[in-house]
Amino acid sequence: MEIKIRNVDPIAVKKIDEMAKEKKISRQELLKGQVETFALLQLQQDHEAALEHLIDKNIKMMEKCAIAMETMNGFIQEMMEEDEEE
């Protein structure tokens, strides 16, 4: 796929050319790599945000489960105490 960018500041183009020359690659190769990295970084950030949301939901569910288990343990203790008294 082809992307064209117009009206780029000449100073920016000069800097891009210098960076490409340092890496011994063409301007096109440098910019292609930067565009692909940018796109993949955004995709990774989206995945991380979704994962963080899922982790938060799991933590909340685990907290609710812990409360329910504590409540059940309390009932069991009460029942065992009643049995011992009889």
Side-chain angles (χ1 to χ4, degrees):
M1 178 159 287
E2 192 171 314
I3 297 175
K4 293 183 183 184
I5 302 174
R6 294 184 174 84
N7 303 319
V8 178
D9 187 312
I11 295 171
V13 174
K14 183 178 178 185
K15 183 62 180 172
I16 290 167
D17 288 343
E18 289 171 5
M19 292 166 51
K21 186 176 181 180
E22 286 175 15
K23 294 184 178 201
K24 298 179 181 171
I25 59 175
S26 68
R27 178 195 302 163
Q28 190 271 334
E29 287 176 289
L30 179 78
L31 292 174
K32 178 181 178 283
Q34 292 296 310
V35 168
E36 290 172 349
T37 298
F38 174 74
L40 294 176
L41 180 62
Q42 184 62 48
L43 183 62
Q44 182 177 351
Q45 289 173 344
D46 293 345
H47 286 296
E48 287 176 6
L51 183 58
E52 285 180 22
H53 179 69
L54 182 60
I55 289 170
D56 287 341
K57 285 175 61 176
N58 283 340
I59 289 171
K60 288 177 184 171
M61 183 57 68
M62 291 172 71
E63 289 170 347
K64 288 179 181 180
C65 287
I67 291 169
M69 289 171 61
E70 288 174 8
T71 302
M72 289 190 309
N73 283 341
F75 289 142
I76 291 170
Q77 288 294 329
E78 287 177 19
M79 291 172 54
M80 291 177 67
E81 290 171 5
E82 289 175 6
D83 285 346
E84 290 175 2
E85 291 174 2
E86 292 177 0

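From I76, atom CD1 reaches atom OG1 of T71 across 11.0 Å, with rounding to the nearest 0.5 Å.
Checked against K57 for a side chain to side chain contact (heavy atoms under 4.5 Å, CB included), the options H53, M61, K60 give a single hit: H53.
Neither V8 nor M19 shares a network with the other; the hydrophobic side chains, linked directly or stepwise wherever heavy atoms of I, L, V, M, F, W or Y lie under 4.5 Å apart, form separate groups for each. Cluster annotation: V13 and I5 are assigned to the same hydrophobic cluster (Ile/Leu/Val/Met/Phe/Trp/Tyr, side-chain heavy-atom contacts under 4.5 Å, transitive).
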Contacts under 3.5 angstrom, residues 27-44 side chains, donor-acceptor by atom type, not counting sequence neighbours:
{"from": "R27", "atom 1": "NE", "to": "D17", "atom 2": "OD1", "distance (Å)": "2.6"}
{"from": "R27", "atom 1": "NH2", "to": "D17", "atom 2": "OD1", "distance (Å)": "3.2"}
{"from": "R27", "atom 1": "NH2", "to": "D17", "atom 2": "OD2", "distance (Å)": "3.0"}
{"from": "E29", "atom 1": "OE1", "to": "S26", "atom 2": "N", "distance (Å)": "3.0"}
{"from": "E29", "atom 1": "OE1", "to": "S26", "atom 2": "OG", "distance (Å)": "3.3"}
{"from": "K32", "atom 1": "NZ", "to": "E36", "atom 2": "OE2", "distance (Å)": "3.0"}
{"from": "T37", "atom 1": "OG1", "to": "G33", "atom 2": "O", "distance (Å)": "2.8"}
{"from": "Q42", "atom 1": "NE2", "to": "D46", "atom 2": "OD1", "distance (Å)": "3.1"}
{"from": "Q44", "atom 1": "NE2", "to": "E48", "atom 2": "OE2", "distance (Å)": "3.1"}

